[in-house]
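Data first, discussion second: the structure below is written as structure tokens.
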Amino acid sequence: MNYSSISYTDKKQFSIGSGSEADVRIKGAGVEALHVGIKIDGSKLFLRNFSSGNTLISTYQVPPDKTEPYTVGEAIRLGQSKQVVFVEL
């Protein structure tokens, strides 16, 4: 399994996906061009699912077009990719 770690201290939001418009690019089956967005609000993080495909926070399936709270250190899985993303502050 591949792991990616992202640390953004100078941005209040960023995107993850397979396309060139994503701030963080991840390739893999089912990873959409603009798959999710992460918003930082003080010490809180939120994940917005832009995808109609598979998006998991740990084992929770995030519905399409929904925003869910995200806890630092939780695994994010996109599509059928074997890559796991962890976001740190």
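Everything numeric in this text was worked out from a predicted model, so none of it was measured.
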Are Val72 and Leu78 co-members of a hydrophobic cluster defined by side-chain heavy atoms under 4.5 Å apart?
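Looking at the clustering, Val72 is in the same group as Leu78.
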
Hey, could you give me the [atom1]/[atom2] distance between [X] and [Y], rounded to the nearest 0.5 Å?
| X | Y | atom1 | atom2 | answer |
| --- | --- | --- | --- | --- |
| Leu47 | Tyr70 | CG | OH | 8.5 Å |
| Ile40 | Gln13 | CD1 | CD | 9.0 Å |
| Arg77 | Thr55 | CZ | OG1 | 12.5 Å |
| Ile76 | Ile16 | CD1 | CD1 | 5.0 Å |

Heavy-atom side-chain proximity of Ile38 to Val24 below 4.5 angstrom
no

Report the residues that fulfil side-chain contact (heavy atoms from CB on, under 4.5 Å) with Glu68, sequence neighbours left out, ordered by chain and then residue number.
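Glu68 satisfies side-chain contact (heavy atoms from CB on, under 4.5 Å) with Ile57, Tyr60, Val62, Pro63, Lys66 only.
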
Partner set under side-chain contact (heavy atoms from CB on, under 4.5 Å) for Ala29, not counting sequence neighbours:
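For Ala29 the side-chain contact (heavy atoms from CB on, under 4.5 Å) partners, ignoring immediate neighbours, are Gln80.
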
Leu56: hydrophobic cluster co-members (side-chain, 4.5 Å):
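Joined to Leu56, directly or through intermediates: none.
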
Hydrophobic clusters join Ile, Leu, Val, Met, Phe, Trp and Tyr when side-chain heavy atoms are under 4.5 Å apart, directly or via other members; which others share one with Leu34?
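Result for Leu34 is Phe50.
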
Please list, chain by chain and in numerical order, all residues satisfying side-chain hydrogen bond (donor to acceptor under 3.5 Å, both in side chains) with Thr67, sequence neighbours excluded.
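Once residues adjacent in sequence are excluded, the partners of Thr67 under the side-chain hydrogen bond (donor to acceptor under 3.5 Å, both in side chains) criterion are Arg48.
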
For Ser15, which residues count as a side-chain hydrogen bond (donor to acceptor under 3.5 Å, both in side chains) partner, sequence neighbours excluded?
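Scan of Ser15 (side-chain hydrogen bond (donor to acceptor under 3.5 Å, both in side chains), adjacent residues dropped) gives Asp23.
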
Side-chain donor or acceptor of [X] paired with backbone N/O of [Y] under 3.5 Å:
| X | Y | value |
| --- | --- | --- |
| His35 | Asn54 | yes |
| Arg25 | Gly19 | yes |
| Lys27 | Ser18 | yes |

Nearest atoms (heavy-atom pairs only) where Ala22 meets Ala33
CB-O, 3.8 Å

